[in-house]
Amino acid sequence: MHPMLNTAIKAARRAASVIQRASNNLDVLRVERKEHNSFVTEVDRAAEKAIVETLLEAYPKHAILAEESGAHGENEYTWIIDPLDGTTNFLHGVPQYCISIALEHRGQISQAVIYDPNRNDLFTATRGAGAFLNDRRIRVSKTREMADALICTGFPYSDFSKLDAYMQQFRDVVQKSAGVRRPGAAALDLAYIACGRYDAFWELGLSPWDIAAGSLLVLEAGGLITDLSGEAGFMESGNVVAGTPKVFAQLLQTLQA
């Protein structure tokens with residue numbers, strides 16, 4: 001295993017310890033509203049601090065892009081961090097959230113870790129070396145037809161400027177697929193694409209830390225991921241379509257209609 005991936009795993013597990021201790025005392029957490037339906041807690045910040053400290057202890061010159069503390073430093077290596085993806089789920093005691101850590105090297109994601117502390121599911125990937133769940137090689141599903149596909153999505157929750165467009169997409173996908181789910185943690189949704197639990201995914205208006213690690217997992221598991229134009233600009237636009245190759249193509253066509 002790549003040493004940088006090992007460091008990211010160590011950081012994710014440290015963050016998970018912070019998060020899981022706090023999950024037993026949700027009623028006393030301090031919660032702030034960043035914007036409409038977007039929350040941050042002392043747990044998000046403490047988990048992020050644990051991750052950043054672990055990464056910089058090993059690689060002090062690396063740059064950081066983290067959800068809560070923003071961008072720090074300049075380097076050809078940048079760690080992209082979401083310390084708690086699915087904060088709203090966490091606050092309600094819904095066990096669907098994760099830690100997401102990715103390493104970007106010269107514009108490409110090279111290492112990825114997504115850790116679900118509730119299920120002890122550790123998703124990892126190194127560019128060119130495949131994707132894994134708990135050290136077992138994973139692949140996207142073999143589903144070929146959108147009519148047979150279980151598709152995952154995320155509803156707009158803060159910026160509603162794209163809500164009308166999204167609702168039209170949702171109607172079309174519901175009618176053409178076997179089912180649509182909205183679990184509430186985009187990084188984990190992408191990990192589930194990589195291991196075949198879902199067949200495809202789309203969401204609008206995501207942030208780089210929501211996408212970075214999951215994008216490498218999907219690619220290394222044999223899937224496809226683009227923006228809504230079928231191009232590689234999803235990290236910039238935040239608009240993401242991903243899936244097993246056959247279903248991805250049908251989903252993208254449906255979303256573009």
Side-chain angles (χ1 to χ4, degrees), residues 5 8-9 12-13 16 19-20 82 84-90 92-102 109 111-126 129-155 169-170 173-204 206 209-226 234 240-252 254-255:
L5 185 64
I9 292 169
R13 292 196 183 279
I19 292 165
Q20 293 306 83
D82 192 336
L84 177 52
D85 186 37
T87 299
T88 301
N89 283 347
F90 171 77
H92 287 81
V94 177
Q96 186 77 6
Y97 49 84
C98 67
I99 298 112
S100 177
I101 304 172
I109 305 301
Q111 309 291 337
V113 172
I114 292 176
Y115 182 50
D116 174 355
N118 292 293
R119 298 170 183 83
N120 198 27
D121 277 350
L122 178 67
F123 297 88
T124 59
T126 295
F132 296 82
L133 168 55
N134 297 331
D135 298 322
R136 178 178 60 83
R137 184 74 178 260
I138 54 176
R139 300 287 295 176
V140 296
S141 80
K142 296 179 181 179
T143 305
R144 300 175 62 87
E145 299 297 332
M146 189 168 161
D148 300 323
L150 182 60
I151 295 177
C152 190
T153 189
F155 305 146
Q169 293 173 348
F170 183 79
V173 174
V174 165
Q175 293 177 70
K176 294 182 179 181
S177 67
V180 179
R181 302 289 183 266
R182 197 277 188 180
L188 204 50
D189 297 341
L190 289 169
Y192 277 23
I193 295 294
C195 70
R197 293 176 182 172
Y198 298 129
D199 301 303
F201 167 84
W202 95 100
E203 189 166 350
L204 310 179
L206 290 169
W209 44 81
D210 299 315
I211 308 167
S215 68
L216 183 60
L217 280 165
V218 169
L219 291 170
E220 288 296 321
L224 298 174
I225 181 166
T226 69
F234 54 88
V240 180
V241 186
T244 192
K246 294 290 186 182
V247 178
F248 164 86
Q250 295 164 60
L251 176 59
L252 184 62
T254 299
L255 297 174

- Message: Is the shortest side-chain heavy-atom distance between Thr244 and Lys142 below 4.5 Å?
- Response: no
- Message: Quick check: closest heavy atoms across Ala200 and Val247, and the distance to 0.1 Å?
- Response: CB-CG1, 3.7 Å
- Message: Please find the pair of heavy atoms, one from Ser177 and one from Ala149, that lie closest to each other, and give the distance.
- Response: CB-O, 3.7 Å
- Task: Kindly give the heavy-atom pair with the smallest separation between Ala125 and Leu216, and that separation in Å.
- Result: O-CD2, 3.8 Å
- Query: With a 4.5 Å limit on heavy-atom distance, are the side chains of Arg13 and Leu122 in contact?
  - Reply: yes
- Query: Between the side chains of Asp148 and Thr143, does any donor sit under 3.5 Å from an acceptor?
  - Reply: no
- Query: To the nearest 0.5 Å, how far apart are CD in Glu145 and NZ in Lys176?
  - Reply: 13.0 Å
- Query: Would a 4.5 Å heavy-atom cut-off, applied to side chains only, mark Gln111 and Leu5 as touching?
  - Reply: yes
- Message: What I want to check is whether the side chains of Asn120 and Tyr115 have a donor and an acceptor closer together than 3.5 Å.
- Response: yes
- Query: So, for Gly223 and Pro245, which heavy atoms are closest and what is the spacing to 0.1 Å?
  - Reply: CA-CD, 4.4 Å
- Query: When you measure from the side chain of Asp116 to the backbone N and O of Asp121, does any donor-acceptor pair fall under 3.5 Å?
  - Reply: no
- Task: Specify the closest pair of heavy atoms between Glu203 and Phe155, including all atoms of both residues, with the distance to one decimal.
- Result: OE2-O, 4.3 Å
- Ignoring hydrogens and angles, tell me if any N or O in the side chain of Asp199 forms a donor-acceptor pair with the backbone of Leu150 under 3.5 Å. yes
- Query: Is the closest side-chain heavy-atom distance between Phe201 and Tyr192 below 4.5 Å?
  - Reply: no
- Query: Hey, are the side chains of Asp85 and Leu188 touching, using non-hydrogen atoms and a 4.5 Å cut-off?
  - Reply: no
- Side-chain (Arg197) to main-chain (Ala191) donor-acceptor, under 3.5 angstrom: no
- Using modelled atom types only, decide if a donor and an acceptor are shared between the side chain of Gln250 and the backbone of Arg144 within a distance under 3.5 Å. yes
- Item | Within-4.5 Å side-chain heavy-atom neighbours: Leu190 and Ile225 | yes
- Do Trp202 and Leu252 come within less than 4.5 Å of each other through their side chains, counting heavy atoms only? no
- Task: Check whether any side-chain heavy atom of Val173 lies under 4.5 Å from a side-chain heavy atom of Thr153, and answer yes or no.
- Result: no
- Write down the atom of Cys195, the atom of Phe123, and the distance for their closest heavy-atom approach. SG-CE2, 3.9 Å
